[in-house]
Number of protein chains: 2
Amino acid sequence: MSFIPLQPDAPLGTPGLPHERSDAARNRERLLCAARELVDEFGAEALTMDALACKAKVGKGTVFRRFGSRAGLMMTLLSDAESEFQRGFMFGPPPLGPGASPADRLVAFGEGRIYFVLENGELLKAAGAATRNRFDVPATKLSHRHMEVLLREAGIADPWVMAMSLTYALDPERIVDDVRVRGISPRRLTDSWRELITRLLKAS
Amino acid sequence: MSFIPLQPDAPLGTPGLPHERSDAARNRERLLCAARELVDEFGAEALTMDALACKAKVGKGTVFRRFGSRAGLMMTLLSDAESEFQRGFMFGPPPLGPGASPADRLVAFGEGRIYFVLENGELLKAAGAATRNRFDVPATKLSHRHMEVLLREAGIADPWVMAMSLTYALDPERIVDDVRVRGISPRRLTDSWRELITRLLKAS
DNA sequence: ATACTAAACGGACTACGGTCCGGTTTCTAT
DNA sequence: ATAGAAACCGGACCGTAGTCCGTTTAGTAT
């Protein structure tokens with residue numbers, strides 16, 4: 001349970017941190033490399049921590065020290081793609097980024113999120129599951145805050161709670177299962193999201 | 001994996017079924033009884049299948065033959081309360097039951113659901129987790145269908161998908177964590193739900 | 001009553017996520 | 001170069017969900 005991933009991903013000489021030991025760095029590299037291979041070959045669902053430790057020629061304890069949990073590993077594997085998506089809605093061009101109306105930005109956000117989830121679905125599901133509450137995923141918090149700001153700007157009475165409703169409406173499990181299990185086209189999902197946001201934010 | 005809970009809960013002489021054996025009936029009774037005691041005393045989260053088997057003086061295999069999985073057991077435990085709630089929105093008085101406008105019925109449905117979840121949260125979370133997709137829970141399917149019908153009546157373009165969005169917005173995990181972990185009052189949840197439905201279904 | 005069969009039983013077994021801790025390695029100070 | 005301490009390592013170990021299969025037992029036909 002209680003576990004703090006010491007230097008989650010400090011890449012280089014971060015200011016005060018006591019310089020990550022070389023064996024630790026080497027093992028982290030080995031682990032990430034092996035994890036990516038395993039995911040590519042068998043999919044994220046099939047990745048077990050034992051197999052990873054074995055493939056990376058590392059003890060199991062090392063895997064958990066590095067990533068804290070299976071969910072933590074998946075989040076690390078996702079972090080690049082996630083950062084890019086975040087840059088998109090925080091600093092990118094409209095309508096996703098700043099410059100458009102809250103409604104347009106929310107529509108674009110949902111569409112972007114849906115396609116992002118469809119590309120990284122397995123990883124996202126694995127990252128969200130087994131976490132006591134999926135909301136603890138940092139990226140989820142950021143998305144929630146983003147929507148909250150836009151909803152407030154659009155005059156929603158309780159933007160925090162409404163953003164939570166929308167967050168769950170975009171739940172990775174929901175999106176992936178809609179498309180892959182229940183046969184809903186991505187297009188229908190984005191269209192419905194647009195309808196939801198449009199009606200929700202239509203000036204009264 | 002593959003497992004069909006033979007006669008999920010056939011209470012009496014169901015037509016053609018080859019009459020459940022007496023030892024099976026007796027063990028099911030023992031199991032349900034023990035399960036309820038354990039849940040009352042320690043909470044649903046803390047219930048382990050081993051402990052249940054032990055307490056019911058029954059082999060572990062028997063537990064799984066009866067309920068298929070931990071989620072299945074939780075669903076069985078829930079079924080009474082769930083049936084009552086279902087009767088409420090299908091046959092009860094308006095605004096929850098038939099007779100009110102779709103918007104009013106949806107508002108009432110969400111409010112009822114929120115309070116229902118807050119009362120049976122642990123069981124619901126346990127029933128939904130570990131199922132490959134939570135949508136497979138039969139009660140969830142029925143709720144989804146109910147909302148779909150109301151949304152269609154209210155002129156939503158793709159009621160099936162919209163109902164799915166709303167289903168996830170009312171996710172048990174979300175509701176329970178909002179209230180118990182993030183300190184949101186049930187009142188704020190129901191108010192926000194009302195705002196969501198009202199704006200969504202406002203005549204354009 | 002007896003014999004037969006299909007269903008039910010039980011508990012040993014597997015797989016997996018996660019924890020623990022004694023031993024080892026790297027870095028730093030001298 | 002040496003010593004000491006902090007960080008790190010590995011793999012044995014634990015708890016839990018779920019499976020398997022040889023054995024027992026309830027119903028049925030004679």
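The figures that follow rest on heavy atoms only: side chains count, while hydrogens, waters and symmetry mates do not. Below, chains carry the letters A, B, ... as their sequence lines are ordered, and counting in each starts from 1.
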## Note on the structure
Checking dC9(C), dC9(D), dG17(C) against the side chain of T62(B) (C-beta onward), the nearest is dC9(C)

#### Entry: Any donor-acceptor pair under 3.5 Å from S192(B) side chain to L189(B) backbone
no

Short N/O separations, protein against nucleotides 23-25 of chain C, under 3.5 angstrom:
unit_1: dT25(C); atom_1: O2; unit_2: R21(A); atom_2: NH1; d: 3.1
unit_1: dT25(C); atom_1: O2; unit_2: R21(A); atom_2: NH2; d: 2.9

### Query
Under 4.0 angstrom, heavy atoms only, what part of the nucleic acid is L47(B) near: base, sugar-phosphate, or nothing?
sugar-phosphate

### Query
5'-most contact on DNA chain D: A46(B) or G59(A), nearest heavy atom basis?
G59(A)

#### Entry: Heavy-atom pair of closest approach, residues P98(B) and M90(B)
CD-O, 3.4 Å

### Message
Expressed as a whole number of angstroms, how long is the span from L38(B):CG to dT16(D):P?
### Response
13 Å

### Query
Among F116(B), W193(B), Y115(B), F89(B), whose ring-ring contact (aromatic ring centres under 6.0 Å, His included) with F109(B) holds?
F89(B)

#### Entry: Closest to side chain of T48(A), choosing from dC16(C), dC9(C), dA17(D)
dC16(C)

#### Entry: For atom CG of L52(A) and atom P of dC9(D), their distance in whole Å
14 Å

### Message
Can a donor-acceptor pair be found, under 3.5 Å and without considering hydrogens, that links the side chain of E148(A) to the backbone of A163(A)?
### Response
no

### Query
So, is N27(B) close to the dA8(C) phosphate, meaning a side-chain N or O under 4.0 Å from OP1 or OP2?
no

### Message
So, does R65(B) get its side chain near the phosphate of dA8(C), meaning an N or O under 4.0 Å from OP1 or OP2?
### Response
no

#### Entry: Minimum-distance nucleotide (side-chain atoms of K60(B) versus dG11(C), dG17(C), dC27(C))
dG11(C)

### Message
Tell me if a side-chain donor or acceptor on S143(A) pairs with a main-chain N or O of T140(A) at a distance below 3.5 Å.
### Response
no

### Query
How long is the line joining CZ of R28(A) and P of dA7(D), in whole Å?
16 Å

### Query
Of all the choices, dC9(D), dA17(D), dG10(C), which nucleotide is nearest to the side chain of V58(B) once you look at every atom?
dG10(C)

### Residue R145(A) excluded, over 12 heavy atoms near CZ under 6.0 Å
no

### Summary
Considering only heavy side-chain atoms of S22(B), the closest of dA17(D), dC16(C), dA26(D) is dA26(D)

### Task
Send over the distance from L31(A) CG to dC8(D) P, rounded to a whole Å.
14 Å

#### Entry: First encountered from the 5' end of DNA chain D, between K57(A) and D50(A)
K57(A)

### Query
Side chain of H144(A), backbone of W160(A): donor and acceptor closer than 3.5 Å?
yes

### Query
Does dA8(C) have OP1 or OP2 sitting under 4.0 Å from an N or O in the side chain of R26(B)?
no

